[in-house]
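See structure below.
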Amino acid sequence: QVQLVESGGGLVQAGGSLRLSCAASGRALSITAMGWFRQAPGKEREFVAAINWNGRSTNYADSVKGRFTISKDNARNTMYLQMNSLKPEDTAVYYCAADRSLGLKYSQYDYDYWGQGTQVTVSS
């Protein structure tokens, strides 16, 4: 099993920055794909960003391209999401996800492991 714990959420003004972290434990070495998703109140969970096992391949939702950066530190079994130029529409609970199959994953149904989520609130 793999356990994921997110941290770094909070309240920030529009235009500000936050960095989310996702620490993996358990059978973390078996993880080959990771991603970030978010869910705003009354909306479905949506894809934000994905990264492959060695961190060399990444992809982003159009809504966050150029503002968010996904990265991972395999030595620390930790994934990050640097969020800059935040907008009120970025307000959501952010979840990290992990899977043990190869390649970038864009659908929530492709991930087997999930964190508990961390709240990000951007005020206008």
Side-chain angles (χ1 to χ4, degrees):
Q1 291 296 322
V2 173
Q3 293 80 43
L4 303 173
V5 178
E6 301 100 333
S7 61
L11 173 64
V12 64
Q13 289 187 334
S17 298
L18 282 175
R19 189 176 82 154
L20 305 183
S21 299
C22 173
S25 61
R27 301 186 66 179
L29 292 179
S30 66
I31 294 173
T32 53
M34 298 189 77
W36 289 97
F37 289 76
R38 66 187 182 186
Q39 187 167 18
K43 295 187 177 182
E44 294 188 355
R45 189 172 298 187
E46 64 175 4
F47 168 77
V48 174
I51 191 166
N52 76 328
W53 69 275
N54 62 8
R56 294 177 182 175
S57 292
T58 60
N59 207 343
Y60 300 89
D62 288 342
S63 59
V64 307
K65 277 182 182 177
R67 300 188 297 122
F68 290 11
T69 303
I70 189 172
S71 62
K72 63 196 307 263
D73 183 340
N74 285 341
R76 299 177 182 270
N77 291 326
T78 302
M79 176 179 65
Y80 304 97
L81 186 68
Q82 177 67 43
M83 304 186 295
N84 299 328
S85 301
L86 282 162
K87 305 175 181 179
E89 51 263 45
D90 294 318
T91 295
V93 177
Y94 283 70
Y95 298 90
C96 70
D99 193 67
R100 294 184 289 179
S101 58
L102 294 175
L104 296 175
K105 313 295 182 183
Y106 309 112
S107 169
Q108 61 177 313
Y109 302 108
D110 290 332
Y111 289 91
D112 288 333
Y113 305 101
W114 292 86
Q116 81 289 350
T118 185
Q119 177 70 47
V120 171
T121 303
V122 184
S123 64
S124 57

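Computed from a prediction, not measured in an experiment: that's the story for all the values here. No hydrogens, no waters, no symmetry mates; every other heavy atom, side chains included, goes into these values.
Expressed to the nearest 0.5 Å, how far CG of L81 lies from CZ of R38 amounts to 9.5 Å. The line from CZ of R76 to CG of N74 is 12.0 Å long, rounded to the nearest 0.5 Å. Separating the CZ atom in F37 from the CD atom in Q108 is a distance of 6.5 Å, to the nearest 0.5 Å. A distance of 9.0 Å separates CD in Q1 from CG in D112, rounded to the nearest 0.5 Å. Taken to the nearest 0.5 Å, the OG atom of S7 stands 9.0 Å off from the CZ atom of R19. For the atom pair CG (L4) and CE (M79), the distance works out to 7.5 Å, reported to the nearest 0.5 Å.
The backbone N or O of G117 lies less than 3.5 Å from a partner atom in the side chain of E6, making a donor-acceptor pair. In terms of modelled atom types and a separation under 3.5 Å, the side chain of Y95 and the main chain of W36 share no donor-acceptor contact. Judged by distance alone, the side chain of R67 and the main-chain N or O of S85 form a donor-acceptor pair under 3.5 Å. Without hydrogens or angle criteria, N52 side chain to S57 main chain gives a donor-acceptor distance under 3.5 Å. When atom types are taken as modelled, the side chain of S124 and the backbone of P88 share no donor-acceptor pair closer than 3.5 angstrom. Remark: the backbone N or O of D99 is not paired with any side-chain donor or acceptor of K105 at under 3.5 angstrom.
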>> Applying side chain to side chain contact (heavy atoms under 4.5 Å, CB included) to I70 and F68, what does each step give before you reach the verdict?
In response: CA-CA 7 Å; I70 189 172; F68 290 11; over 6 Å; no
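By the rule that hydrophobic residues join a cluster once side-chain heavy atoms approach within less than 4.5 Å of another member, Y60 and L18 end up as members of one cluster. Both V48 and L86 are assigned to one and the same hydrophobic cluster, defined by single-linkage of ILVMFWY side chains at heavy-atom distances under 4.5 Å.
Under the 3.5 Å distance criterion, with hydrogens and angles disregarded, a donor-acceptor pair is assigned to the side chains of Y113 and R100. At a cut-off of 3.5 Å, with distance as the only test, no side-chain donor of K87 or T91 sits close to an acceptor on the other residue. When only modelled atom types and interatomic distance are considered, S17 and N84 share a side-chain donor-acceptor pair under 3.5 Å.
Counting non-hydrogen atoms of neighbouring residues, nucleotides and ligands closer than 6.0 angstrom, the CH2 atom of W114 exceeds 12 such neighbours.
Taking every heavy atom of both residues into account, V2 and S30 meet most closely at CG2-OG, 4.1 Å. Closest approach of Y111 and A50 over heavy atoms only: OH-CB, 3.9 Å. The two residues Y94 and D90 make their nearest non-hydrogen contact at OH-O, 2.6 Å.
Ring pair F47/Y106: centre-to-centre distance below 6.0 Å.
Between K72 and T78, the closest side-chain pair of non-hydrogen atoms is not below 4.5 Å.
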